[in-house]
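Taking it in order: structure first as structure tokens, then the write-up.
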4 protein chains.
Amino acid sequence: MKKKNGIFKYERIERDIKDRIGKGELRPGDLVKSEAEMVQQFQVSKMTVKTAMNRLADEGVVVRIQGKGTFVAPCAKR
Amino acid sequence: MKKKNGIFKYERIERDIKDRIGKGELRPGDLVKSEAEMVQQFQVSKMTVKTAMNRLADEGVVVRIQGKGTFVAPCAKR
Amino acid sequence: MKKKNGIFKYERIERDIKDRIGKGELRPGDLVKSEAEMVQQFQVSKMTVKTAMNRLADEGVVVRIQGKGTFVAPCAKR
Amino acid sequence: MKKKNGIFKYERIERDIKDRIGKGELRPGDLVKSEAEMVQQFQVSKMTVKTAMNRLADEGVVVRIQGKGTFVAPCAKR
DNA sequence: GTGGTCTAGACCACG
DNA sequence: GTGGTCTAGACCACT
């Protein structure tokens, strides 16, 4: 995993999602962009997106459901 | 997505059918529940039920007949 | 949905691979096109490609290795 | 196939679809209700719905695409 | 009214 | 960056 500007790439993605939740752009229950879309948006590998989203899932910020998508947790922390 | 005991959903369904055969609840020639009923019972999609039942058919545990149903094989293995 | 020659889409894909092996375009050990490429080439969904390739794997024509790719079997039948 | 009030059940369904197109409720390219929904709506068997929709498809009123749905034909006749 | 094929995606496990 | 599992449907073939 490489850093850019002193932070890990996956931290940039985590930060972005949390910011959107903080601003109310993403609300509890909302569908978050898919892995494939994030790969495009952030110009990173699927593994980097996965690392970011799994960290957010571990923190309880999002819930990932196979075959359905990634959703903002019902009581998302930020 | 929650996996039970680290196995796939279709494996849970396969196991359930095999267990019923092992216990004698399902006997050779018996009609097995329809895909639609299993979708309800196991709370999975139709394709997951299909994966499970097709695997059992490949193993020779059941026989599937289009338009009729799924039956326990005449000499079902367990 | 249009079927060509009254056969299923996955059968067209199976036939294509077998033909390439028969012609010597694909030889034992060769890497076969990825699922994503076949989705583009045959204009079908990923699941249809999977059905085709899994059937070829069952027949022993190809070997599929998660994380690596699909290869023509060492002693491919045609 | 049974009649009700002197007309075949599938004729009632065909009539309904054509009427909706005539009124502009359904326009070229629109997705028509699924087979399963029509079974509920008209309280008929799947075979009856199928007969109706296939007749409409033969007439060029609708286009049926496996895995996607039934659509009002680009230049639907009525 | 069953099982079969197919869509257009999603996330997961692995290398 | 592959193949694997899974969703929530659709229409198709058959009995």
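Below, chain A is the first sequence line, B the second, and so on; all start at residue 1. All values below come from the heavy atoms of this structure, side chains included, with hydrogens, waters and symmetry mates left out.
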Euclidean distance, atom [atom1] of residue [X] to atom [atom2] of [N] [Å, nearest integer]:
{"X": "C/K68", "N": "F/dG1", "atom1": "NZ", "atom2": "C1'", "value": "14 Å"}
{"X": "B/I65", "N": "F/dC14", "atom1": "CD1", "atom2": "C1'", "value": "11 Å"}
{"X": "A/L31", "N": "F/dT7", "atom1": "CG", "atom2": "P", "value": "16 Å"}
{"X": "C/M47", "N": "E/dA8", "atom1": "CE", "atom2": "C1'", "value": "11 Å"}
{"X": "B/E14", "N": "F/dC6", "atom1": "CD", "atom2": "C1'", "value": "15 Å"}
{"X": "B/K9", "N": "F/dA8", "atom1": "NZ", "atom2": "C1'", "value": "12 Å"}
{"X": "C/M53", "N": "E/dT5", "atom1": "CE", "atom2": "P", "value": "17 Å"}
{"X": "D/N54", "N": "F/dA13", "atom1": "CG", "atom2": "C1'", "value": "11 Å"}

OP1 or OP2 of E/dA8 versus the side-chain N and O atoms of C/S45: is any pair under 4.0 Å? no
Would you say a side-chain N or O of C/Y10 is under 4.0 Å from OP1 or OP2 of E/dT5? yes
Looking across every strand, which nucleic acid part, if any, lies under 4.0 Å from B/T51 by heavy atom: base, sugar-phosphate, or nothing? nothing
Those stems involving DNA chain F that have three or more consecutive Watson-Crick or G-U pairs, both distances under 3.5 Å, are E:1-14 with F:1-14
Look at A/D19 together with A/R15 and state whether they make a salt bridge at an N to O cut-off of under 4.0 Å. yes
With sequence neighbours left out, write down each residue that passes salt bridge (charged side-chain N to carboxylate O under 4.0 Å, His left out) with B/E35, or none if nothing qualifies. B/K50, B/R64
Taking side-chain contact (heavy atoms from CB on, under 4.5 Å) as the definition, give me every residue that meets it alongside C/V44, ordered by chain and number, with sequence neighbours left out. C/K9, C/I13, C/F42, C/T48, C/V49
With the threshold set at under 4.0 Å for non-hydrogen atoms, list the residues of residues 32-42 of chain C touching DNA chain F in residue-number order. C/S34, C/E35
Show the nearest heavy-atom pair for residues C/R12 and C/I7, with the distance to one decimal. CG-CD1, 3.8 Å
What are the two closest non-hydrogen atoms of D/Q43 and D/Q40, and how far apart are they? NE2-O, 2.9 Å
Find out whether C/K46 and C/T51 are in side-chain contact, i.e. whether some heavy atom of one side chain is under 4.5 Å from a heavy atom of the other. no
Is the backbone of B/F8 close enough, under 3.5 Å, to the side chain of B/E11 for a donor and an acceptor to pair up by distance? yes
Could one point to a donor on the side chain of D/K46 or the base of E/dT2 with an acceptor on the other under 3.5 Å away? yes
Across all chains, not counting sequence neighbours, the ring-ring contact (aromatic ring centres under 6.0 Å, His included) partners of D/F71 are none
When you get a sec, tell me which of F/dC11, F/dG4, F/dT7 is the closest nucleotide to the side chain of D/R64? F/dC11
Closest of E/dG3, E/dC11, E/dG15 to the A/Q66 side chain is E/dC11
The residue, C/G67 or B/K50, whose nearest nucleotide of DNA chain E is more 5′ is B/K50
Taking side-chain hydrogen bond (donor to acceptor under 3.5 Å, both in side chains) as the test, write out the residues that go with D/Q41, two or more places apart. D/K33
Can I get a per-line list of side-chain donor-acceptor pairs under 3.5 Å for residues 24-32 of chain C, giving both atom names and the distance, sequence neighbours left out?
residue	atom	partner	partner atom	Å
C/D30	OD2	C/R27	N	2.9

